[in-house]
Protein chains: 2
Amino acid sequence: MSFVIPTLKTLALKGATKEFISVSTRLFGKTLGISQQMASNRLVKLAEMELIKRRRSGRGGQDILITREGMALLRKEYGDYQRIFQEARDIELSGKVSSGLGEGQYYLGQVEYIDQIEQMLGFKPFPGTLNITVTPEEYSKLDLLPDSAIIQIGGFEADGRTFGKADCIPASIDKIECAIIIPKRSHHTDVLEIISASQLRSKLKLEDGDGVIVNCKLRHCNFEA
Amino acid sequence: MSFVIPTLKTLALKGATKEFISVSTRLFGKTLGISQQMASNRLVKLAEMELIKRRRSGRGGQDILITREGMALLRKEYGDYQRIFQEARDIELSGKVSSGLGEGQYYLGQVEYIDQIEQMLGFKPFPGTLNITVTPEEYSKLDLLPDSAIIQIGGFEADGRTFGKADCIPASIDKIECAIIIPKRSHHTDVLEIISASQLRSKLKLEDGDGVIVNCKLRHCNFEA
DNA sequence: ATTACTAACAAGCGAGTAC
DNA sequence: TGTACTCGCTTGTTAGTAA
């Protein structure tokens, strides 16, 4: 699957990031230095992976648009290069405090999750989340994070039910240590759920609609064991 | 050769950009999701291509450092992503006017070169170059340019001599149209040679040591024919 | 513990071709 | 024009192993 990134990148450079662009397999193959057949094959596979959307256009042609997942892949790649050239400005997400129970809330009622969070993040979470509504553009900044910045919370089974996995991203709000928690299954793109050792809403005197900035913590990545 | 970029990128993320880092083929393979043998193989090939430098370190280990050529490759890749995410700030190189005959000068005495420049760049070059001394860091910004921004001037033979190729990059200085000319063979990393329709030195009233900024022109890239 | 060879296998690729 | 299938050939990959 080593062709995925270069192929996607080439499509992105042609402008398939925002709208459908017309792509012929012959010309596309030429720009990639491969045959028409392989170009066709790659587009088929990319479509199967749901990294691009394809649409037939009159007399045999086709139009291509990169999906959200595809863009997330490219954005992560971009983040890598920013880090290489040390222009990785800190990743900050800004949004507004909002009410409503998120799914992350649910995690804080399960002992297995609480124990994992305490062990992995170093604090015992307050049993409640602070919800922050962000724009999809802000949300997509999370894709810039390297894998090393993401802490996986494992799922488990209890009472015959399965409890899913979640990603945690260590962060801070107004210098207060916290973490973004993202349940693996559910894909919102507009609300961040924040956990912390204390109740952030009262500690920071936040009310619905107040603007907040979440600073994601980056760690240096080393070889894995 | 599709492994080159991902392998180099991984090494860069580990810190092989500035100094030798210790790399074991087993662990390196693990981070790349390939076998120890393949990791070894890739490092050998990267070294053959002179994209990395290798050095043995005690009891079988090895140290890796990415070469200038390797970094140039990564920087070009980085430029692509900047363009995808539309954060491609204009590429500007700043330096100081200097004297001395550059090699580019030589091109402007050959009719075959003059004709090509006029045809490709749209102006008949003044028979002399403006030399601009830049830091290696500034110079390396040229690696961010996409291939589509670079115009190739072909070589030729005459009088039993071979005359080499050159790259031209359309640019401007103080809104005056010009181009950077880079002979293919010679690798300076500290002086830019500028050609233009008129004598820039007199037109812009420049003297040795004056600071100038060269703005590279980017064109939109489309599918090639 | 290393690195890197060889041999067997798998995956990637392009030519030819059908639609 | 266009896409995409099958079929050989080539290349990439791993296991086993030597150093």
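Labels below follow one simple rule: chain letters A, B, ... track the order of the sequence lines, proteins then strands, and each chain is numbered from 1.
- Residue A/Leu43 is out of contact with every strand shown, counting any heavy-atom pair closer than 4.0 Å.
- Rounded to whole Å, the distance from CE on B/Met38 to P on C/dC9 is 19 Å.
- For A/Ser40 and D/dT3, the shortest distance from a side-chain N or O to OP1 or OP2 is not below 4.0 Å.
- Phosphate contact (OP1/OP2 of C/dT3, side-chain N/O of B/Thr25, threshold under 4.0 Å): present.
- Between B/Gly33 and A/Asn41, the residue anchored nearer the 5' end of DNA chain D, judged by the nucleotide with its closest heavy atom, is A/Asn41.
- If you measure from atom NZ of B/Lys45 to atom P of D/dT13, you get 8 Å, rounded to the nearest angstrom.
- One atom, CZ of B/Phe28, and another, P of D/dT14, lie 13 Å apart when rounded to the nearest Å.
- Just one of A/Leu144, A/Leu8, A/Ile5 meets the side chain to side chain contact (heavy atoms under 4.5 Å, CB included) condition when paired with A/Glu77; it is A/Ile5.
- Following rounding to the nearest Å, A/Met1 (CE) and C/dG12 (C1') show an atom-to-atom distance of 12 Å.
- In this structure, the separation between CD1 on A/Ile213 and CG on A/Asp90 is 11.5 Å, given to the nearest 0.5 Å.
- Evaluated for a side chain to side chain contact (heavy atoms under 4.5 Å, CB included) with A/Leu142, the options A/Val134, A/Ile182, A/Ile91 yield exactly one hit, A/Ile182.
- In this structure, the nucleotide among C/dG14, C/dA4, D/dG2 sitting nearest to the side chain of A/Ser35 is C/dG14.
- B/Arg26 has its CZ atom 16 Å from the P atom of C/dA4, to the nearest Å.
- Salt bridge annotation for B/Lys141-B/Glu138: present, with a cationic side-chain nitrogen under 4.0 angstrom from a carboxylate oxygen.
- With rounding to whole Å, A/Arg42 atom CZ is found 16 Å from D/dT3 atom P.
- Spacing between atom CD1 of B/Ile34 and atom P of C/dT3 amounts to 13 Å, rounded to whole angstrom units.
- For A/Phe156 and A/Tyr113, the gap between ring centers is short of 6.0 Å.
- Atom CD of B/Gln36 and atom C1' of D/dA19 are 13 Å apart (whole Å).
- Between C/dG14 and A/Gln37, no contact under 4.0 Å exists linking OP1 or OP2 to a side-chain N or O.
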